[in-house]
Amino acid sequence: MKKKRQILIIIIFALVLFTKAELDSNPSIRVLASIIDFSESTLTSPDYLAYGIDLKDLFRNYTNSDISYSGTAYIKRVKGFPYSVSGSIQGERSVSQEKFSCQSDLTVLVLNVGELDVYADDDTIYLVAPMLGDISYGFDTGENLFQQAPNLNNDITQEWFHNNKKNIWNFVQKIDIKKTDQIYVDEDGTESNEYSIVVPEGEGDFIWDLLGAEPPDHDIKLSLFLDKYNHTRKVVFDLSYKTEGAYIAFYGNNCSTMEIYSPLPDDESVTVTIKRNGENNYTNAYTNNITYTMADGQTYSMDCNGYLNTNDEYIKLEVSDITICHDKEVLAEGLIKCRINSEDTMDDVFESAGVDLSGVEVIDWATIKNDTASFVDDVILQARKNVDILDILN
C-alpha cells in the first residue's frame, strides 16, 4: 500500500511538471489558459471595463440605434468670458440618417442669451449660434462621425464561453501564436509577456457571429500580454487594415481601461482613453480623456468623469468635471446631465430640429486648426458683446 501511494505521488508530481512545462513552452496552451481565466476572473471583476453592462443591449439599442436625449448643461469657466453659463439641452442622433442635433437654450445669470446649437451629418460638424450674432460655421472633419460598434448576437458572459468551449479549443489550434521578447509593465508593476497572434482569413466564424459582423477578407492581427498566471494584462488589436498605425487596446489588471489611437492626415493624431473607476459607488463610473495632437506638437484635450446608469427604459448619463485645455491652458470647464432614450422610429433629425444647414458655409478644418486661437477669440468676443448689459453689475 505504501509503495502504491509513493507511485501515485510520483505520477501526480510528473503530471504537474508536465503541465507547467506545457504552459511555459507552448504558446497555444497559455493563450487557452488565458481565455479560461478571462471568463472566470476578469468578467466577474468590478474593475472590468464593461462590468454590469449589457453590451448587447447598449450597442444595439443605443450606440447603433436612433436616440433622443434631454438634460442640462453648466459652463462655469470659459477663457476670456467672465460669466457662468447654464441651460437646457435636447437633441437627437440617428445612425441610419447619419445626422445629429444638439440644441441648447442658455442663460447668463438671469439673462437669457438665446441658443447655441450643434449639428452634424456624415463627416461635417455645424455650429449655429444665434447668441453670437446669428453666426454659423461648418467644419468638414474628413472623418466618419457615425462609426458603429459591433451588433452583438450574444452577451459576452461566462455562459457564452462555456457554450463555445469546443469552438475556442479548435480556434486556438488554428491561429498563429508566437511569443516575442516584448514586456509590458502594468501600472501596479506587474510584468507580462507578449504573444503575437494572427487569425487567418476564414477562421473564427463563431466570433464573427458573436460580433454580428461579416467575416473579414483579411487576416486579423493582435497582441496578447499575459502575466505568469496567464492573466490578461493587455490586448492590442491592430487596425492598420483600416488606418495605418491605428489600434484599440484594453489593459489593466482586469481590462479596466480602453485606449483608441488613430493617426490623422498631416501628421496629426487623436487618442481616446476610457478607464473604469471600480471604487466609485455609482453603478458605472469612468474617467475619460480625448487628446487631439497637431503636427507641431500642440494638443487640445478634454478630461471628464462619466457616470452611467442603465435600466430597461433609458440611460442616465452625467459627465462632470469637464475640462477642455489647449496644451496645459484651461479653455473651459463644465458639467452635463442628461437622459437618453432609444427611439424605434425617428423623423428627419434636421427637420425635427427646425434647422436648414444648406446655406451654411463649410470651412475646411485646416483653416481652423492653423489658427485655432484666433477663431476661439473671435467667437468669445462676439459672445461678450451679447451680454455687455451685465457690465453694469461689475
Side-chain angles (χ1 to χ4, degrees), residues 62 67-93 100-120 125-135 137 272-275 277 280-292 300-310 314-326 328-341 353 355 372 375-394:
Y62 294 94
I67 60 170
S68 63
Y69 61 92
S70 60
T72 58
Y74 176 61
I75 306 172
K76 67 178 182 179
R77 177 182 176 185
V78 178
K79 178 191 173 186
F81 189 80
Y83 312 110
S84 295
V85 180
S86 61
S88 62
I89 59 171
Q90 64 177 4
E92 297 176 326
R93 190 220 58 204
F100 166 86
S101 69
C102 178
Q103 297 179 303
S104 60
D105 188 27
L106 302 178
T107 300
V108 176
L109 294 181
V110 296
L111 176 68
N112 183 279
V113 294
E115 296 182 4
L116 177 64
D117 305 333
V118 180
Y119 303 93
I125 298 174
Y126 302 90
L127 174 65
V128 179
M131 67 173 286
L132 306 181
D134 204 23
I135 61 174
Y137 296 99
V272 179
T273 305
I274 302 173
K275 181 177 181 179
N277 182 359
N280 193 288
N281 292 328
Y282 205 92
T283 306
N284 298 288
Y286 302 89
T287 56
N288 314 287
N289 171 271
I290 302 174
T291 298
Y292 162 57
Y300 285 87
S301 62
M302 183 183 79
D303 290 279
C304 64
N305 293 321
Y307 305 95
L308 187 71
N309 196 3
T310 62
Y314 57 85
I315 292 176
K316 289 181 67 176
L317 174 65
E318 178 179 332
V319 185
S320 67
D321 302 315
I322 301 172
T323 304
I324 299 174
C325 294
H326 171 216
K328 294 184 179 181
E329 182 181 16
V330 176
L331 300 181
E333 296 178 341
L335 165 72
I336 297 174
K337 292 183 178 181
C338 67
R339 169 173 160 166
I340 304 171
N341 291 85
V355 64
T372 307
F375 173 77
V376 172
D377 287 344
D378 289 345
V379 171
I380 291 174
L381 178 61
Q382 184 61 53
R384 290 198 64 175
K385 288 180 179 179
N386 285 279
V387 292
D388 273 347
I389 186 174
L390 297 182
D391 286 342
I392 63 175
L393 300 177
N394 294 339

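Along the sequence shown, residues are numbered consecutively beginning with 1. Note that the structure is a prediction, hence the values are computed from the model and not measured.
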Hey, could you give me the [atom1]/[atom2] distance between [X] and [Y], rounded to the nearest 0.5 Å?
X	Y	atom1	atom2	result
Thr72	Lys337	OG1	NZ	6.5 Å
Glu92	Ser70	CD	OG	11.0 Å
Ile322	Lys76	CD1	NZ	10.5 Å
Asn277	Tyr286	CG	OH	10.5 Å
Ile274	Ile290	CD1	CD1	8.0 Å
Cys338	Gln90	SG	CD	12.0 Å

Taking Asn288 for its side chain and Lys275 for its backbone only, find out whether a donor-acceptor pair lies under 3.5 Å.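 Not confirmed, Asn288 side chain does not pair with Lys275 backbone.
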Is the closest side-chain heavy-atom distance between Cys304 and Asp321 below 4.5 Å?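 No, side chains not in contact.
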Quick one: are Leu308 and Ile315 in side-chain contact, heavy atoms under 4.5 Å?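 Side chain of Leu308 against side chain of Ile315, heavy atoms only: contact under 4.5 Å found.
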Please name the pair of heavy atoms, one in Val355 and one in Tyr119, separated by the smallest distance, quoted to 0.1 Å.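 That closest heavy-atom pairing would be CG1-CE2, 3.6 Å.
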Locate the shortest heavy-atom distance separating Gln103 from Ala353; write the atom from each residue and the value.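 So the minimum-distance heavy-atom pair works out to NE2-O, 2.9 Å.
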Applying the side-chain contact (heavy atoms from CB on, under 4.5 Å) criterion to Val118, which one of Ile125, Val128, Ile89 satisfies it?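 Exactly one option meets the side-chain contact (heavy atoms from CB on, under 4.5 Å) with Val118, and it is Ile125.
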I'd like to check the side chain to side chain contact (heavy atoms under 4.5 Å, CB included) partners of Tyr69; sequence neighbours left out, ordered by chain and number.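 Per chain and number, Tyr69 pairs via side chain to side chain contact (heavy atoms under 4.5 Å, CB included) with Phe100, Cys102, Ile340.
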For Thr291, what residues pass the side chain to side chain contact (heavy atoms under 4.5 Å, CB included) criterion, not counting sequence neighbours?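 With sequence neighbours excluded, Thr291 shows a side chain to side chain contact (heavy atoms under 4.5 Å, CB included) to Asn289, Thr293, Thr299, Ser301, given in chain and number order.
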